[in-house]
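What follows is a short report on a single structure.
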Amino acid sequence: QVQLVESGGGLVQPGGSLRLSCAASGSIGVIYAMNWFRQAPGKEREFVAGISRSGTFTYYADSVKGRFTISRDNAKNTVYLQMNSLKPEDTAVYYCAARSIGNVSTRLADYDYWGQGTQVTVSS
């Protein structure tokens, strides 16, 4: 089993920055790609960013491209999401997810392990 714990969420003004972290524990060896998803009130959970097992390949939703950066430190079993130039529409609960086989996917169903989520609120 794999446990994922997110941290770093909070309240930030428009234009500000936040850095989310997701620490993995348990059967780390089975983790391949890792993603960030988010879910705003009344909306479906959506793909935000993904990173391959080695960290070589990264993928982003069009809505965050150029503003968000995903990275991972396999020595620390942690994936990060640096969020800059935040907008009110980025307000959501952000979830970390990991899959035990395969490369990055934008489909929720492809991910085996999920964190509990961390709230990000962008408001003045």
Side-chain angles (χ1 to χ4, degrees):
Q1 271 289 10
V2 173
Q3 295 78 43
L4 303 175
V5 179
E6 301 100 333
S7 61
L11 173 64
V12 63
Q13 293 187 342
S17 298
L18 279 177
R19 187 195 196 202
L20 305 183
S21 299
C22 172
S25 61
S27 302
I28 305 301
V30 305
I31 294 177
Y32 280 70
M34 295 188 73
N35 276 20
W36 288 94
F37 293 87
R38 68 186 181 187
Q39 187 166 17
K43 295 188 177 182
E44 294 185 350
R45 195 170 299 187
E46 64 177 5
F47 168 78
V48 175
I51 189 165
S52 62
R53 187 178 190 183
S54 65
T56 302
F57 301 102
T58 57
Y59 306 85
Y60 298 92
D62 288 343
S63 58
V64 307
K65 204 171 292 184
R67 301 187 297 123
F68 291 10
T69 302
I70 189 171
S71 61
R72 69 192 289 172
D73 184 340
N74 287 337
K76 295 182 178 180
N77 300 320
T78 302
V79 64
Y80 305 96
L81 185 68
Q82 177 67 43
M83 305 186 295
N84 299 329
S85 302
L86 282 161
K87 305 174 181 180
E89 51 263 44
D90 294 317
T91 295
V93 177
Y94 283 71
Y95 297 91
C96 174
R99 64 184 311 195
S100 57
I101 189 170
N103 210 335
V104 173
S105 167
T106 61
R107 298 175 64 240
L108 277 70
D110 287 338
Y111 284 78
D112 307 293
Y113 308 105
W114 291 82
Q116 80 289 352
T118 185
Q119 176 70 47
V120 172
T121 303
V122 184
S123 175
S124 55

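Count residues from 1 along the sequence.
If you chain together hydrophobic residues whose side chains sit under 4.5 Å apart, Ile51 and Leu18 fall into the same group. Side-chain heavy atoms closer than 4.5 Å link hydrophobic residues (I, L, V, M, F, W, Y) into clusters, and following such links, even through other members, never connects Phe37 to Phe68. Cluster annotation: Val64 and Ile70 are assigned to the same hydrophobic cluster (Ile/Leu/Val/Met/Phe/Trp/Tyr, side-chain heavy-atom contacts under 4.5 Å, transitive). Under the 4.5 Å side-chain heavy-atom criterion for ILVMFWY residues, a single connected hydrophobic cluster contains both Leu108 and Tyr95.
Not one N or O on the side chain of Thr121 forms a donor-acceptor pair closer than 3.5 Å with the backbone of Thr91. Between the side chain of Thr118 and the backbone N or O of Ser7, no donor-acceptor pair lies under 3.5 Å. In this structure, Arg72 contributes its side chain and Ala33 its backbone to no donor-acceptor pair below 3.5 Å. A donor-acceptor pair under 3.5 Å links the side-chain atoms of Asn35 to the main chain of Ser105, judged by distance alone.
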**Request:** Kindly determine whether Leu11 and Ser123 satisfy side-chain contact (heavy atoms from CB on, under 4.5 Å), including the steps that lead there.
**Result:** CA-CA 7 Å; Leu11 173 64; Ser123 175; 4.2 Å; yes
**Message:** The test is side-chain contact (heavy atoms from CB on, under 4.5 Å); show your working for Ser100 and Tyr113 and say whether it passes.
**Reply:** CA-CA 8 Å; Ser100 57; Tyr113 308 105; 4.3 Å; yes
**Prompt:** Going through the distances and angles, do Thr106 and Tyr59 end up as a side-chain contact (heavy atoms from CB on, under 4.5 Å)?
**Reply:** CA-CA 9 Å; Thr106 61; Tyr59 306 85; over 6 Å; no
**Item:** Derivation and outcome, side-chain contact (heavy atoms from CB on, under 4.5 Å), residues Val104 and Tyr32
**Value:** CA-CA 8 Å; Val104 173; Tyr32 280 70; over 6 Å; no
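Separation of atoms CG (Asn84) and CZ (Arg67) is listed at 9.0 Å; rounding is to 0.5 Å. How far OG1 of Thr69 is from CZ of Arg19: 11.0 Å, rounded to the nearest 0.5 Å. The CG atom of Leu81 lies 11.5 Å from the CE atom of Met34; values are rounded to the nearest 0.5 Å.
The environment of NZ in Lys43 is sparse: at most 12 heavy-atom neighbours from other residues, nucleotides or ligands sit within 6.0 Å. Within a 6.0 Å sphere centred on CD of Glu89, other residues, nucleotides and ligands contribute more than 12 heavy atoms.
The closest side-chain heavy-atom distance from Asp90 to Met83 is not below 4.5 Å.
The minimum heavy-atom distance linking Leu4 with Ala98 is given by the pair CD1-N, 3.8 Å. Across all non-hydrogen atoms, the minimal contact from Ala92 to Ala40 is CB-N, 3.8 Å. Heavy-atom minimum distance, Trp36 versus Leu20: CH2-CB, 3.7 Å. Trp114 and Tyr111 get closest at one heavy-atom pair: NE1-O, 3.3 Å. Counting all heavy atoms, side chain and backbone alike, Cys96 lies closest to Glu6 at N-OE2, 2.8 Å. Nearest heavy atom pair, residue Tyr60 against residue Ala49, reads CD2-CB, 3.7 Å.
The closest side-chain donor-acceptor pair between Tyr94 and Arg38 falls under 3.5 angstrom.
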